[in-house]
Each structure stands twice: as structure tokens, then as C-alpha cells.
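Proteins come first, then strands; the chains are lettered A, B, ... in the order of their sequence lines, and each starts at number 1. Both backbone and side-chain heavy atoms feed into the values below; hydrogens, waters and symmetry mates do not. Values in this document were obtained by computation on a predicted structure and should not be read as measured data.
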Protein chains: 2
Amino acid sequence: MKLTNKGRYAVMAMADLASNAKDGPISLTEISLRQNISLAYLEQIFLKLKNNKLVRSSRGANGGYVLEKPASEIKLSNIIYAVDEEVKTLNCKKNSKRGCNNKSTKCITHNLWDQLDQHIIGFFEKVKLQDLAKLG
Amino acid sequence: MKLTNKGRYAVMAMADLASNAKDGPISLTEISLRQNISLAYLEQIFLKLKNNKLVRSSRGANGGYVLEKPASEIKLSNIIYAVDEEVKTLNCKKNSKRGCNNKSTKCITHNLWDQLDQHIIGFFEKVKLQDLAKLG
DNA sequence: AGGAATTCCTACTATTTTAGTAGGGATTAA
DNA sequence: TTAATCCCTACTAAAATAGTAGGAATTCCT
Ligand code: FES
Ligand code: FES
């Protein structure tokens, strides 16, 4: 089980944004340098963060991004979800009639994975961007 | 974030073993049919389960596998660990001096992922093979 | 006005991981 | 002796991830 770089980067970048807040917006170049993440990759990630209303952008020279909401109101689950990192422990389609074994009943472990999902989602729901400073 | 088939299969197969216990050992062919998992793939998985002392094998005709310990004493973490499904949320090497950002300090999110690890491992530690019957 | 910095967007490629196949050897029950 | 079964390793195919590339649009600054 793993969490991919995209999700990690997204959280790192958001944390960077939160903790390096200044007057104007923060450019991806800055974040790229501080966090050692490829600029082009960051751009892709921020596109999604923006579409999910987690950051606001300003274009042009001196442009960049700022958090759309206070760090205390942004849950990690929001970030993870925004970049398509799904918590996906189930094998079968959630709403399919068929189980992962292709039979009409759910497999013996189905409920287990379902519970694990809840467990992990719970974690991401509980932690706010703001908490990262305390953790770190 | 996802859990891979190998881990799922391992748990399924162990659960199958536990709930279909009979007099003699259970062959992989049986499990393969019941759980709809390729036989050759199951063989690979059971090799690991055996090396980790979770099952015992008997070879030859009518051979197969039995649980090495009662289902109440087998933790899911044992199974997951046996088949190399690691809970791996950290990016950096656990014992490396360098962070995932290749700097000498840990990145802002390091502790977060560390906590998530603990959270997930905790789940797997808590659930026993036996509990699967109740969940299912 | 012109150039530099920056976001925006899409498409492509490379790398890594996962999933699964293949094949042959060893062992044992009937 | 034969069929069923485990044992073991190597290979291949498919999918997911990570990252690159390139160009358009916008805005600031001189
Ligand atoms: S995970 Fe849903 S049926 Fe197996
Ligand atoms: S995850 Fe350990 S330093 Fe970033």
C-alpha cells in the first residue's frame, strides 16, 4: 500500500503555501525550489488544486497562488481528493452487483476493505492543513 | 492510495483456508476455483505465506495447505507483510539522513505520513483472520 | 511598446510497479 | 506408475505513475 508522489507533492505544496504566506501570491518557481519538485509537474498539480477551489491564482509576472481558504479550513482529504489520489482498497466496483470474484455475492474480504477505506478517509478528514505545522 | 491485488488475494486465500477448513489440507486448485484467482499466482503467494510461517504445506497428491496457527492468532498485518505489501506512505527512506526533498532535513509532511503509516498499521494489527467471518 | 515572468493547458514519453504466465522439478497418494 | 500437488524461478504484459515538452495567454515592469 502506498501513497503516490502526486498526493504527497500536493500536500507538500499546500503546506509550503500555507507556511510561506506573504503579501502577494507565491509563484510555483519558488515552491519548486523550496520543495524540490519539478516546475512542470507542480503546474499540473496546481491546475487541479485550482479547479477544486483550494487555491486562487493570479497570472502574469509576479503572479502565483494563494490559499483560497484559511489553512484551518482545508482538510487533507480535500487535497488528496483534488489530485485524484483515491483511497482505493476495494477491488470491486463500489456500486456493482458483482464482487471482485465476479460472482454475484461480495467476496469474503469486501467488508474488510470497506472498513479500511473508512479508517484511512477518517484520518484525512481529521487533519487540517494548519495541523501540519504542529506535526512537522 | 491503493492496496494491490496481491495483498487482497493473500487475505482472501487465508480467509478461504480458515473458513473451509476440513480434515486434510486444502489444495490451491480448490481455492483458485472458489475465489477465482489464477492458480499460478496463488502458488507465488503461498510460497511467501509459507516462508512466513502462516501456513503449512503437504506435497504430493491430496496435498495442500493448512493454517499454521488458529485463525484467532493470525493478524492481518502478518499476511500483508508476508506478501510484501508494505504500508508505504513515506517518500524518503526511513533511516536515511536525507529527506524526500534531498535536503538534510525532513520535509514538512514527513511526520504526517509517518502518522498515517501508524494509523493504517494499527488497523491491520487489530484485525485477526478470525474476525473476517464476523465482518463478512 | 516590448520583454520577462508567470499561469494555463494538452499531449506525449519514460519509468516503475503490478499482474499474471510459463515451465520444469520434486514429492506423494493411490 | 501416474496423476495431483507443491516448489521455485524467470519471464512478459499491462497498467499506473512520474515527469517532460511546448506553446498560448496574461500581466507586470521598465
Ligand atoms: S472487494 Fe468487493 S467483492 Fe471483493
Ligand atoms: S517524506 Fe520523509 S522527508 Fe519527506
*Asks:* Under 4.0 Å from OP1 or OP2 of D:dA18: is there any side-chain N or O of A:K6 that close?
*Replies:*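 No, because none of the side-chain N or O atoms of A:K6 sits under 4.0 Å from OP1 or OP2 of D:dA18.
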*Asks:* May I ask you to verify whether the side chain of B:Q44 and the base of D:dT9 hold a donor-acceptor pair under 3.5 Å?
*Replies:*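 Counting by modelled atom types and ignoring angles, no donor-acceptor contact under 3.5 Å is found here.
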*Asks:* Under the criterion side-chain contact (heavy atoms from CB on, under 4.5 Å), I'd like the reasoning laid out for A:C100 against B:R8: C-alpha separation, chi angles, the key distance, then a yes or no.
*Replies:* CA-CA 10 Å; A:C100 62; B:R8 272 192 291 257; 6.0 Å; no
*Asks:* Compare side-chain N and O positions of A:N5 against OP1 and OP2 of D:dA18 and report whether any pair is under 4.0 Å apart.
*Replies:*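 Affirmative; the distance criterion is met.
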*Asks:* When you get a sec, tell me which of D:dT5, C:dG23, C:dC8 is the closest nucleotide to the side chain of A:L47?
*Replies:*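 So the side chain of A:L47 is nearest to C:dC8.
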*Asks:* Using a cut-off of less than 4.0 Å, is there contact between a side-chain N or O of B:N62 and OP1 or OP2 of C:dT28?
*Replies:*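 Indeed not, no polar side-chain atom of B:N62 lies that close.
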*Asks:* Do B:V11 and B:L76 pass the side-chain contact (heavy atoms from CB on, under 4.5 Å) test, and can you show the C-alpha distance, the side-chain angles, and the key distance before you say yes or no?
*Replies:* CA-CA 7 Å; B:V11 175; B:L76 289 197; 4.2 Å; yes
*Asks:* Atom CD1 of B:I31 and atom P of D:dA4: how far apart are they, to the nearest Å?
*Replies:*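 One finds 18 Å between P of D:dA4 and CD1 of B:I31, rounded.
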*Asks:* Under 4.0 Å from OP1 or OP2 of C:dC8: is there any side-chain N or O of A:K50 that close?
*Replies:* yes
*Asks:* Scan nucleotides 25-27 of chain C against the protein and return all N/O pairs shorter than 3.5 Å with their distances rounded to 0.1 Å.
*Replies:*
| from | atom 1 | to | atom 2 | distance (Å) |
| --- | --- | --- | --- | --- |
| C:dG25 | N2 | B:R59 | NH2 | 3.4 |
| C:dA26 | N3 | B:R59 | NH2 | 3.2 |
| C:dT27 | O2 | B:G60 | N | 3.4 |

*Asks:* Any donor and acceptor pair, going by atom type alone, linking the side chain of B:D16 with main-chain N or O of B:M12 inside 3.5 Å?
*Replies:*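 Flag not set: sc B:D16 to bb B:M12 has no pair under 3.5 Å.
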*Asks:* Which one of B:K126, B:K128, B:E125 satisfies the side chain to side chain donor-acceptor pair (under 3.5 Å) criterion with B:S77?
*Replies:* B:E125
*Asks:* Decide side-chain contact (heavy atoms from CB on, under 4.5 Å) for B:F46 and B:I31; before the verdict, give the C-alpha distance in whole Å, the side-chain angles of both, and the deciding distance to 0.1 Å.
*Replies:* CA-CA 11 Å; B:F46 271 80; B:I31 299 181; 3.9 Å; yes
*Asks:* Taking 4.0 Å as the cut-off, does a side-chain nitrogen or oxygen of A:Y65 come that near to OP1 or OP2 on C:dT6?
*Replies:*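 The answer is no; no side-chain N or O of A:Y65 sits under 4.0 Å from OP1 or OP2.
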*Asks:* Please determine whether a side-chain nitrogen or oxygen atom of A:Y9 lies at a distance below 4.0 Å from atom OP1 or OP2 of D:dG19.
*Replies:*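 Yes, within the criterion.
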*Asks:* So, does B:S57 get its side chain near the phosphate of D:dT5, meaning an N or O under 4.0 Å from OP1 or OP2?
*Replies:* no
*Asks:* 5'-most contact on DNA chain D: A:A40 or B:G63, nearest heavy atom basis?
*Replies:* B:G63
